[in-house]
Structures are given as structure tokens and as C-alpha cells.
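A quick write-up on the structure given underneath.
Residue numbers start from 1 in every chain, and the chains themselves are labelled A, B, ... in the order their sequence lines are given, proteins ahead of strands.
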2 protein chains.
Amino acid sequence: MQIQFAKRMSNIKASEIRELLKVTEKEDVISFAGGLPAPELFPIEEINEINQIVLREFGAKALQYTTTEGYKPLREWIANRMNIQLGTSFDEDNILITHGSQQALDLSGKVFLDEGDVVLCESPTYLAAISAFKAYGCNFIEIPTDQDGMIMSALENVLEKTNNIKLIYVVPTFQNPTGKTWSMERRKQLAELSSKYNIIVIEDNPYGELRFEGKPLPSINSFDTKGYTLCTGSFSKIFCPGFRIGWIAGDKSIIQKYVLVKQGTDLQCNTIAQMIIAEYLKQYDIDKHIERIVEVYKRRKDIAIECIELYFPENIKFTNPEGGLFTWVELPENISAREILDKCLERKIAFVPGDSFFPNRKMENTLRINYSNMPEDKIRIGLKTIGEVINQYVKS
Amino acid sequence: MQIQFAKRMSNIKASEIRELLKVTEKEDVISFAGGLPAPELFPIEEINEINQIVLREFGAKALQYTTTEGYKPLREWIANRMNIQLGTSFDEDNILITHGSQQALDLSGKVFLDEGDVVLCESPTYLAAISAFKAYGCNFIEIPTDQDGMIMSALENVLEKTNNIKLIYVVPTFQNPTGKTWSMERRKQLAELSSKYNIIVIEDNPYGELRFEGKPLPSINSFDTKGYTLCTGSFSKIFCPGFRIGWIAGDKSIIQKYVLVKQGTDLQCNTIAQMIIAEYLKQYDIDKHIERIVEVYKRRKDIAIECIELYFPENIKFTNPEGGLFTWVELPENISAREILDKCLERKIAFVPGDSFFPNRKMENTLRINYSNMPEDKIRIGLKTIGEVINQYVKS
């Protein structure tokens with residue numbers, strides 16, 4: 001065979017996490033690798049019950065084609081929720097239902113990116129956003145961050161000097177992979193800069209509902225008077241990921257473009273999955289459900305941090321997130337997290353080496369720890385083992 | 001706002017069908033517009049029962065993330081089914097589960113098409129394939145067809161003379177929009193030409209299971225000794241479209257590229273939807289279910305043809321399909337199907353004007369009639385009305 005693939009295919013590599021997931025699923029390993037929510041918290045009984053109600057009430061409509069935009073009562077709920085929690089001013093026509101927030105990123109690439117365009121992002125940033133955007137032939141410029149988020153002087157410096165910037169991609173709340181959260185001030189400043197330079201911001205927010213402490217912060221979109229900020233959201237972390245239901249929200253004229261693009265991409269999302277979520281939100285108290293999730297994850301996070309303090313060497317840095325699924329560890333500069341991973345995999349422990357999260361500069365001494373998917377005893381055993389392995393490298 | 005969208009956005013227009021669907025859903029219209037399956041044939045009770053079984057048996061696994069490739073038992077069933085029905089030689093690793101066969105087309109564009117590449121297609125061809133591929137900046141060359149499918153001399157002529165051909169896109173069985181079916185000979189010939197010129201064939205097959213008469217024909221892939229043919233398939237027309245479960249099948253090395261691309265696009269398809277279909281296929285007789293669908297659609301098709309013969313003017317051409325959802329009508333050359341549609345919409349009857357199905361040359365005197373979604377009495381009333389309107393134009 002002599003097959004000519006599209007040029008983009010040379011940029012598209014297997015997601016390390018998805019590949020690691022295959023390993024971790026197969027064997028009896030303790031995995032800090034995925035971003036998997038805890039399955040014991042999925043509302044299985046409720047979904048079973050609601051499924052029956054939806055089929056009884058809506059019958060064949062729940063199984064038929066529907067509009068690309070998505071199920072209206074669900075879009076109404078999302079708009080209302082965002083307005084209350086994030087300070088936005090949306091109605092259902094600001095919302096498009098997508099196959100998880102991952103598809104919201106893919107569609108963003110399709111709507112905005114030409115080959116050679118530039119995407120600005122936090123350094124490090126969400127690995128699968130890199131692959132989603134890369135498929136459209138863009139380049140990345142990484143903007144440094146501190147404990148309050150992206151450093152605005154560095155961002156403005158790049159905005160001034162660079163042509164073809166199309167998107168600024170950020171995860172301002174409980175960032176993947178670092179767990180960091182942007183301050184109010186930085187959110188305001190980013191909204192201002194995006195207006196000043198006419199650049200679209202993609203504000204990815206799949207974890208925002210999972211806050212362990214501190215006050216909720218408004219979305220960047222809430223400070224955006226011109227409509228340059230688009231926000232993603234997802235039911236994967238507060239309901240279940242298997243349904244593949246997320247969304248993108250923003251200015252109506254832009255969302256209409258997304259709708260057009262989704263039509264040609266896959267027509268629409270699963271009809272009954274949308275209806276089941278909408279009906280669940282009507283019949284059950286999602287806040288109570290989220291409280292339960294947060295309680296479990298906070299405890300797991302606390303144990304993870306305790307273990308890192310206890311078992312990891314002293315000369316490392318790590319984040320103590322206010323919410324979400326991840327903490328981020330920086331080892332001494334000469335140490336490779338990939339080597340650590342190889343040793344850990346031999347002992348059936350997995351995590352993701354941090355270099356995958358940098359589109360350009362690869363900090364090989366970093367790693368991401370997911371704490372949401374393992375029970376407490378396994379977190380202890382697993383992090384103790386990782387600590388032992390790291391200590392061997394630090395000492396040798 | 002000064003927003004710069006990607007260049008591709010200037011090529012992406014609203015799908016006329018999806019827009020028409022909005023009209024037809026709202027009002028009490030008789031619609032021959034969509035490609036909607038008959039909802040009264042969806043296995044609602046069975047889905048309800050199986051959903052409970054799946055949640056009981058697999059629990060949280062049915063709601064968690066899973067592999068990008070898709071649920072293994074479902075991929076096994078598909079491979080086996082294709083081997084029996086279509087003469088292919090697949091196993092589960094030849095199959096990727098997609099969000100309907102529409103996503104299989106989108107991913108095909110992503111895997112193969114660079115800007116300026118050429119896609120060859122039947123003239124006319126499936127409208128949403130045009131939009132799926134156009135998003136990747138390709139151009140189309142339409143190859144004429146006769147009653148046996150694409151005319152091979154015309155195809156070879158173009159293959160010889162044209163640079164940058166990347167894909168040949170065909171719907172060889174009960175084509176959308178014409179309802180035509182390719183002969184065995186043409187299938188063989190296309191497989192040979194694709195090997196000779198090293199060009200990938202996308203064989204779109206969402207309707208193949210819905211045969212009213214005549215003998216099933218093997219897939220183009222079954223004649224392809226080199227692996228250039230990729231086949232799509234879908235549960236939308238034999239189970240239900242709301243689940244958004246289809247697939248793409250082909251050479252393993254190519255399917256692996258699709259898997260990589262799907263990872264960055266939306267991670268995976270709905271976990272429980274895949275499990276429900278697999279479990280349904282285990283517990284129920286899908287052939288019996290398809291028989292029931294075929295029986296209803298054949299009767300509706302017969303009535304549609306009878307009405308066209310009875311109420312449409314004599315100097316028109318139309319197809320009498322051996323299966324699938326559509327018949328295609330060619331009016332005298334000076335008549336615009338769009339004008340007819342406007343008049344029909346006033347009388348609450350809808351269909352799709354045929355010019356949308358041509359990427360380049362627009363035959364305005366054509367229209368597509370879907371007969372699967374309306375009960376028999378409405379088919380009679382609707383086609384009688386369309387016939388009356390056409391007659392006014394033909395006579396005037």
C-alpha cells in the first residue's frame with residue numbers, strides 16, 4: 001500500500017494517557033495516571049430509574065434524531081447554572097451540547113484555526129487540548145504562570161509581538177495538569193487583553209464544580225464585555241463520563257458557527273443521554289450529589305498531599321489544589337519522570353510524566369498525580385512507592 | 001467584535017436538511033425531507049429492559065470512560081456481521097466505533113484531506129458527506145453514474161488526469177439521494193481502480209441492511225486485495241439514530257490512524273449506548289427486527305412509487321429503489337424544485353430540492369423523496385399534493 005495521509009497526521013500521536021489507561025486497566029495496578037472520576041460515586045440507581053421515566057414519557061422521541069444544538073431543557077439548565085455559579089449572562093441559545101468538553105476543543109480548532117495559526121496556552125497545559133488543536137496545524141506559544149495563573153505581562157508581550165494568534169486557551173480553575181486556580185484579578189485582566197487584541201479565549205472548565213475550599217470565582221467570560229470568551233463545561237466529572245455530554249457556551253453568533261460545524265461533524269449528541277441528564281437535574285439535587293463527590297475527593301487529595309510530604313524528597317515542589325482532580329510535582333531538574341515511571345510500572349504503579357503537558361519546552365522532571373480514582377489505602381501505598389523510587393534517584 | 005474565523009468557515013453552510021427538519025418538526029407538515037427512520041419501529045421496550053440488565057451487570061463500568069476503539073463485543077459483532085453479509089474479512093481490530101457514520105466521514109476527512117486535495121464522488125452524492133469533507137478544504141469532482149453505479153470509464157479518465165486525488169467517496173447500496181445500487185461488476189472494477197491508482201475508497205453503507213428485493217451484494221472492500229477500501233456502517237437505521245453509534249471498518253494500520261484522530265476529537269463514544277446495543281444483539285434477533293422494518297419501508301416505498309406514477313407528470317424520471325430510504329425524481333429541465341418546494345411548504349408538505357446533493361453542477365430540476373418516516377395515508381396525500389404543484393409548473 002502507498003497511502004498518503006493528510007499532513008496533519010505527522011503531528012498526531014497516541015495520547016500517552018489513553019495508552020497508559022490500557023495498561024492500567026489490564027493489570028492490578030495502582031493508577032494515578034488517568035483523569036477518571038471515582039466510579040463508586042456515579043448515580044447508577046438514579047440513572048436506571050430516570051431512563052425508564054424518559055422512555056415512558058418521551059418514547060421514540062428519546063431515540064430519534066434531534067437538533068444539532070442539543071436538548072433545549074438541558075441547554076436551559078446549563079445557561080442558568082453558569083449564570084448563577086460563574087456570573088455569565090447566557091440563555092439556551094448561547095449553549096451547544098458537545099461530546100464532552102473534548103469535542104468543544106476540537107470544534108474550537110475547526111472553527112478558528114488555519115494552518116500556521118498560533119494558540120497561546122498556559123505552560124504546562126491540558127495534553128488533549130494540544131492534540132485537539134494540533135490537528136488543525138497550529139503552533140503553540142507557552143505563557144509562563146505563577147500561583148495566580150498566567151503572567152499577564154508575559155502574555156501581553158507575546159500578544160504585541162506575534163502574528164496569527166487565533167486563540168488563548170486556558171483552564172483557569174483547578175487546572176489540568178497543575179491543579180492551579182487563577183485569581184479574580186487575572187481573570188479580569190485576561191478578559192481585557194482579549195478585547196484589546198481581538199483574540200478569542202477558550203476557557204476550559206471541566207472541573208470548576210469540584211471545589212474543596214475557598215470561594216468560587218467568576219468565569220473569565222463574566223468580565224468579557226465584547227463576547228470574545230467561550231467557555232466549555234462537562235457532565236463527565238459531576239455525573240458520569242460514559243455519556244459523553246459536555247458543552248460550549250458563548251456569544252450567539254459564534255455558537256451558531258459551532259452548530260454549523262457540528263452538523264457536518266456528527267450531526268448531534270446522543271438524544272436520550274441528554275434527556276436523562278435533564279430529567280435527573282429536575283428530579284434530584286445535583287448540589288447534594290456534588291457535595292458527596294467533593295467530600296470524597298478532598299479526603300483523597302489531603303491524603304495524597306500528606307503522602308507527598310511524608311514520602312517524597314524535601315527538595316521538590318508540588319501544588320495543593322483547591323479543587324479538581326490533579327496535583328503537580330516538580331522534581332529536581334536532573335531527574336527524569338519517565339525513568340521514575342518505568343521503575344514504578346515495574347511495581348504496578350502508574351502516573352503521567354509531565355513533559356507531555358508542554359507543547360514545546362519539555363520539563364522532564366515533572367509529573368501529574370490524579371487522586372480521584374483510587375481508594376485511600378491505595379493512594380497511600382502508591383505514593384509511598386513513587387516516593388521510594390524518586391528517593392533512589394535523588395540520592396544516587 | 002472583529003473575529004477571524006478559520007478559512008474553512010466560508011465553505012461551511014447550514015445543512016438544508018437540518019434546517020428543514022426544524023420547520024417540519026414545529027408544524028403539522030407531511031415531510032419527505034429528512035432521512036428519518038420510522039420511530040414506531042424503534043425497540044423501545046427492549047432498550048428499556050436491556051438498559052436495566054446492563055446497569056445491573058456492568059454497573060459503573062457502563063458509565064465510565066472506556067477505550068477510544070469502542071466496546072469490544074460490539075466491534076466483534078460488527079466484524080462478524082460484515083464478513084457474513086458483505087464478504088469482508090474483518091476482526092474487531094478492523095473496527096472503530098464512531099458517532100454515527102457521519103463521524104466516520106468527518107474522521108476520514110481529518111485523516112486524509114489537506115487543503116486543495118480532490119475527492120471524487122457520485123453525481124449526485126450524500127449532502128452531509130459534502131459538508132464533512134469540505135471542512136478540510138477539499139475540492140470535488142463529480143463522476144457521472146448510470147443505473148449500475150459510477151461509470152468506470154469516466155472515473156478512470158479523471159484518475160489519469162487529476163493530481164491530488166485523495167478519496168473516492170461512494171454510497172454503492174441504496175444510495176442517498178438516488179436510491180441506486182451498484183452492480184457486482186462495478187464494485188469489482190472500483191476495487192481494481194483504487195488499487196491501480198493507490199486511492200482510498202470510502203464506501204458509505206448506512207442503508208445496506210434495508211433490502212426490499214433482489215440479492216445482497218458484496219462490499220467493494222470484499223474485492224479489495226490491498227486494503228484501500230474503508231467501509232462505514234451504522235445502527236441508526238436498524239436500531240435507533242438517537243444513540244449515535246456507527247463505525248468505520250478497514251485495514252488495521254489505517255484504522256489505527258482513525259483511532260488516534262478520534263482520541264483528540266472526542267475521546268470515545270457513549271459507553272452504555274455501545275453496551276446496550278451489544279447486549280440487544282445477544283438477546284434479540286436483529287434479523288427479525290430488520291425484517292419488520294423492511295416490510296414497512298417496502299410498503300411505503302411501493303405506495304410512494306405508485307403515487308409518483310399516478311400524480312406526477314409523465315415526462316419525469318424517478319428511481320425505484322431496491323432498498324433504503326429514498327427515491328430521486330428528475331423533473332423537466334426548466335423546472336426548479338426550489339420553487340416547487342416553496343409552493344409545497346405553503347401547503348405543509350416538505351422534501352429536499354436535489355441541487356444540494358451536487359457539490360459543483362446544480363441540477364435544479366431534481367428532488368429527493370424520503371418515504372420511511374411517514375405513514376401510508378400521509379404519503380398518499382403528500383405526494384398527490386407535490387404532484388399537483390409540479391403539474392402546475394409543467395403546464396404553465
note = So CG of B/L107 and OG1 of A/T265: to nearest 0.5 Å the spacing works out to 9.0 Å
Side chain, backbone, both or neither of B/T98 within contact of chain A (heavy atoms, under 4.5 Å) = neither
task = Select one option (side chain, backbone, both, neither) describing which atoms of A/I3 are under 4.5 Å from chain B's heavy atoms.
result = side chain
request  = Work out which heavy atom in A/I12 is nearest to a heavy atom in B/L260; give both atom names and the distance.
outcome  = O-CD1, 3.8 Å
task = May I ask you to decide if A/A6's main-chain N or O and B/D114's side chain share a donor-acceptor pair within less than 3.5 Å?
result = no
query = Is there a donor-acceptor pair under 3.5 Å between the side chain of A/R8 and the backbone N or O of B/L113?
reply = yes
task = Go through the atoms of B/D117 and report whether side chain, backbone, both or neither lie under 4.5 Å from a heavy atom of chain A.
result = neither
inquiry  = Is there a side chain to side chain contact (heavy atoms under 4.5 Å, CB included) between B/L267 and A/R244? Walk through the geometry before answering.
reply    = CA-CA 9 Å; B/L267 301 182; A/R244 312 303 306 124; 3.6 Å; yes
task = Please name the pair of heavy atoms, one in A/M9 and one in B/V111, separated by the smallest distance, quoted to 0.1 Å.
result = CG-O, 3.4 Å
message = Checking A/Q2 against B/N198: is there a side-chain donor and acceptor pair closer than 3.5 Å?
response = yes
ask   = Which atom names give the shortest non-hydrogen contact between B/I44 and A/A60, and what distance separates them?
value = CD1-N, 3.4 Å
key: Donor-acceptor contact present, side-chain A/Q64 to main-chain B/P37, <3.5 Å   = yes
request  = Just give me the residue among B/A104, B/P241, B/G109, B/G264 that pairs up with chain A most often, heavy atom to heavy atom, under 4.5 Å.
outcome  = B/P241
key: Engaged part of B/K166 at the chain A interface, taking heavy atoms whose separation is under 4.5 Å   = side chain
Under 4.5 Å from any heavy atom of chain A - which part of B/F42 = side chain
query = Between A/Q52 and B/N48, does any side-chain donor sit less than 3.5 Å from a side-chain acceptor?
reply = no
remark   = Closest non-hydrogen contact found for A/N270 with B/F243 is ND2-O, 3.4 Å
task = Below 4.5 Å from any heavy atom of chain A, which atoms of B/N11 appear? Answer side chain, backbone, both or neither.
result = neither
inquiry  = Do the side chains of B/K110 and A/D106 get close enough for a salt bridge, i.e. N-O under 4.0 angstrom?
reply    = yes
inquiry  = Looking only at heavy atoms and a cut-off of under 4.5 Å, which of B/I272, B/D251, B/I245 has the most pairs with chain A?
reply    = B/D251
request  = Identify the heavy atoms of A/K237 and B/Y65 that sit nearest to each other, and give their distance.
outcome  = NZ-OH, 2.8 Å
request  = Please state whether the side chain, the backbone, both or neither of B/A273 comes within less than 4.5 Å of a heavy atom of chain A.
outcome  = side chain
